[in-house]
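We count ligands from 1, going down the list as the structure has it; atoms in each ligand are counted the same way.
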Amino acid sequence: MAVVSTSLTGIGSQLSGHFSGIRKSFLKLDNSNFNSTHSFFQNVDSHLRLSSSRKGCRGVVTMAGSGKFFVGGNWKCNGTKDSISKLVSDLNSATLESDVDVVVAPPFVYLDQVKNSLTEQIEIAAQNCWTGKGGAFTGEISVEQLKDLGCKWVVLGHSERRHILGENNEFIGKKAAYALSQNLGVIACIGELLEEREAGKTFDVCFQQMKAFADAVPSWDDVVIAYEPVWAIGTGKVATPEQAQEVHVAVRDWLSKNVSAEVASKTRIIYGGSVNGGNCAELAKKEDIDGFLVGGASLKGPEFATIINSVTSKKVILNSIGLYKEVQTVVISYVLIPKNEPTVVRFTLVKSSKFRCEW
Ligand code: PGA
């Protein structure tokens, strides 16, 4: 048996067809709202949050963040005109799931080339930006210039900039605030060093980095948080799904306590650090992992496509719905994909805003 913690909200949802398991912010309802099939259907969120936290549960998996699955490719300081044109052509010919936000971050000097040749399904990010409006800042690139090239996002606070270039929380916060003020989305990176993890300081470090962003940013609407444990970046030593999930939950909880429940629910928290085509599906199944930030594996088109398409590990298809006369029992059948194994999931209304689920 598994317990489903879910939300109900007043939208006329499409209860057939595609179901992605993504939760939206919700309203509390009372039982009086469920006096007919019609009103029930009007009040069930299409974005149920299923949590398979108990032992023995089958893999109905979900996304706790209410935004789309998000996958970023951080190309770092790699590539030449030729290799990048090959990568772009591989990405253009790949079949990508449509309900994923995909972003790639080429080196500055190739941004224009990539923007002009890459499919529109993939947006462009920069790997850094200046803290304010451009001017006499030798070697820097301004947000205005990035926008001029068609960039939609910027990666900020990456561990390589924190630990190799010495950027601190305050400096990173300034950049984030300015980028957002100019409507450039921010992929805000956080993550602990190995010695910090070993000293039991993972949460403290991540929360401090979160606080620096929270103190600086005017709104979280265009922010995606990337949790990237430094010991996992470029090392081939990926965090286990449980290690990543643990920190993602803690970060979401931090947002809930320190910003708002709505922001906690809406903000995508993606994982980065040695993600590849072989480990992405298991990571993606974790409820609070809303996507990935990928370095090395994003330089290989087909492998990056596999990572993008790991969103399917999160999906279930709702294929039939029945409502018993008794208001307390609702039966919803799902077919889980990609396993192709039809599974009936029975939901029982146990509280006004919670379901119990067995399968
Ligand atoms: P990696 O890099 O996937 O090569 O570990 C991740 C990142 O730095 O964003």
Asker: Does an N or O from G296, backbone or side chain, lie closer than 3.5 Å to an N or O of ligand 1?
Answerer: yes
Asker: What do you reckon, does A232 put a non-hydrogen atom under 4.0 Å from ligand 1?
Answerer: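 It does, in that a heavy atom of A232 comes within the 4.0 Å cut-off of ligand 1.
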Asker: Grab the two heavy atoms, one from I187 and one from V103, that are nearest each other, plus how far apart they are.
Answerer: CD1-CG1, 4.4 Å
Asker: Hey, is ligand 1 close enough to K76 that some N/O pair sits below 3.5 Å?
Answerer: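 The answer is yes, given that K76 and ligand 1 share an N or O pair closer than 3.5 Å.
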Asker: Does either side chain, that of N183 or that of K152, offer a donor lying less than 3.5 Å from an acceptor on the other one?
Answerer: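 Side chains of N183 and K152: no pair found under 3.5 Å.
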Asker: Please could you name the atoms of ligand 1 that I233 approaches to less than 4.0 Å, counting only its heavy atoms?
Answerer: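 Under 4.0 Å from I233, ligand 1 has these atoms: 2 (O), 5 (O), 8 (O).
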Asker: Check each of Q127, H158, E228 against atom 8 (O) of ligand 1 and report the one with the nearest heavy atom.
Answerer: H158
Asker: Holding to side chain to side chain contact (heavy atoms under 4.5 Å, CB included), I want the full list of residues that pass it with A297, two or more places apart in sequence or in another chain.
Answerer: N276, V294, E303, I307
Asker: Is the F304-W75 ring centre distance short of 6.0 angstrom?
Answerer: no
Asker: Yes or no on salt bridge (Lys or Arg N to Asp or Glu O under 4.0 Å) for K68 and D99, after CA distance, side-chain angles and deciding distance?
Answerer: CA-CA 7 Å; K68 261 193 200 175; D99 52 351; over 6 Å; no
Asker: Is a salt bridge present between K266 and D221, judged by a nitrogen-to-oxygen distance below 4.0 Å?
Answerer: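 Looking at K266 and D221, the cut-off is met.
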Asker: Report yes if some N/O of S274 lies less than 3.5 Å from some N/O of ligand 1; otherwise report no.
Answerer: yes
Asker: Salt bridge or not between E167 and R161? Use side-chain N to carboxylate O under 4.0 Å.
Answerer: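 A salt bridge is present here (some side-chain N lies under 4.0 Å from a carboxylate O).
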Asker: Give the atoms of ligand 1, by number and element, whose distance to some non-hydrogen atom of L293 is under 4.0 Å.
Answerer: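 Under 4.0 Å from L293, ligand 1 has these atoms: 9 (O).
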Asker: For ligand 1, is G234 a contact, meaning one of its heavy atoms is under 4.0 Å away?
Answerer: yes
Asker: Could you tell me whether ligand 1 has any atom less than 4.0 Å away from a heavy atom of G273?
Answerer: yes
Asker: Would G295 count as a polar contact of ligand 1, with the cut-off being nitrogen or oxygen pairs under 3.5 Å?
Answerer: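 Between G295 and ligand 1 (N or O atoms, distance only) the closest approach is under 3.5 Å.
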